[in-house]
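The first residue of the sequence shown is numbered 1, and numbering continues consecutively from there.
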Amino acid sequence: QVQLVEWGGGLVQTGGSLRLSCAASGRVFDTYNMAWFRQAPGKGREFVAADSRSGGFKYADSVKGRFTISRDNAKNLMYLQMNSLKPEDTAIYYCAIRFGEYTTSKDDYPFWGQGTQVTVSS
């Protein structure tokens, strides 16, 4: 089976940075696309960033220019570099993968990490 483990969340002040990491293990024997989602209190799970075979990396407007997604395919690692953090970035962040083309819909991703809490104080 495929499993994801993520880490790197924490408490930071406004303007600070965090780097989230996610490791994929198990039966990862095909090319996969990865994405990051987040869920704030009272909201659904929202798209943050993802890779795309056709169009490069994609970002939600709310994080564009501040967050950067990356992958280390050889190690099955994925990262989300988060800079210039704002209080509205506070949420539980999840990594997810799928064996297909990039999408922004959480329903298209069958494998998820456990989530890591990011809290940004003012």
Side-chain angles (χ1 to χ4, degrees):
Q1 62 178 1
V2 176
Q3 291 185 315
L4 300 175
V5 179
E6 56 198 351
W7 64 94
L11 175 64
V12 298
Q13 294 185 352
T14 297
S17 298
L18 285 173
R19 190 189 192 191
L20 306 184
S21 301
C22 181
S25 62
R27 297 172 58 192
V28 186
F29 44 74
D30 199 359
T31 301
Y32 64 88
N33 288 295
M34 63 85 64
W36 290 90
F37 293 79
R38 67 185 183 185
Q39 186 165 7
K43 295 185 177 181
R45 195 163 298 185
E46 302 174 334
F47 171 78
V48 176
D51 64 348
S52 172
R53 291 181 178 181
S54 60
F57 295 159
K58 303 293 184 181
Y59 300 91
D61 289 340
S62 59
V63 306
K64 194 175 301 180
R66 300 187 297 119
F67 291 9
T68 303
I69 197 171
S70 61
R71 292 170 63 176
D72 185 341
N73 289 329
K75 299 180 179 179
N76 288 329
L77 291 172
M78 53 193 74
Y79 308 98
L80 183 67
Q81 180 65 45
M82 309 165 65
N83 299 325
S84 302
L85 284 164
K86 306 174 181 179
E88 50 262 45
D89 295 318
T90 296
I92 301 175
Y93 284 72
Y94 301 87
C95 65
I97 64 172
R98 67 186 305 268
F99 300 107
E101 291 288 340
Y102 139 87
T103 83
T104 61
S105 175
K106 68 182 190 303
D107 297 327
D108 293 328
Y109 291 81
F111 303 106
W112 294 83
Q114 80 285 354
T116 184
Q117 176 70 48
V118 172
T119 303
V120 185
S121 63
S122 59

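The shortest non-hydrogen separation linking Y102 to D51 is CB-O, 2.8 Å. Of all heavy-atom pairs between P110 and I97, the closest is CD-O, 3.3 Å. Nearest heavy-atom pair, Y109 versus M34, reported as atom, atom and distance to 0.1 Å: CE2-C, 4.5 Å. Closest heavy-atom contact between I69 and W36: CD1-CD1, 3.6 Å. Scanning all heavy atoms of the two residues, the minimum distance from T103 to R98 falls at CG2-NH1, 3.8 Å. Here the closest heavy-atom approach between residue T68 and residue Y59 is recorded as CA-OH, 3.4 Å.
By the criterion of side-chain heavy atoms lying less than 4.5 angstrom apart, applied directly or through intervening Ile, Leu, Val, Met, Phe, Trp or Tyr residues, F111 is not grouped with V5; the two fall into different hydrophobic clusters. Hydrophobic clustering (side-chain heavy atoms under 4.5 Å, transitive across Ile, Leu, Val, Met, Phe, Trp, Tyr) keeps M82 apart from W7.
With sequence neighbours excluded, the residues forming a side chain to side chain contact (heavy atoms under 4.5 Å, CB included) with I92 are Y94, Q117, listed by chain and number. Considering only residues two or more places apart in sequence or on other chains, D61 meets the salt bridge (charged side-chain N to carboxylate O under 4.0 Å, His left out) condition with K64. Qualifying ring-ring contact (aromatic ring centres under 6.0 Å, His included) partners for Y79, counting only residues two or more places apart in sequence or in other chains: none. Every residue meeting the ring-ring contact (aromatic ring centres under 6.0 Å, His included) condition with F47, not counting sequence neighbours, appears here in chain and number order: F37.
A distance-only check finds no donor-acceptor pair linking the side chain of T116 to the backbone of Y93 [under 3.5 Å]. Here the side chain of Q81 pairs no donor or acceptor atom with the backbone of R19 at under 3.5 angstrom.
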Give every donor-acceptor pair under 3.5 Å between a side-chain atom in residues 11-18 and any protein atom, sequence neighbours left out.
{"unit_1": "T14", "atom_1": "OG1", "unit_2": "S121", "atom_2": "O", "d": "2.8"}
{"unit_1": "S17", "atom_1": "OG", "unit_2": "N83", "atom_2": "OD1", "d": "2.9"}

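Among pairs with a residue in residues 37-47, those fulfilling salt bridge (Lys or Arg N to Asp or Glu O under 4.0 Å) read R38-D89, at least two apart in sequence or across chains.
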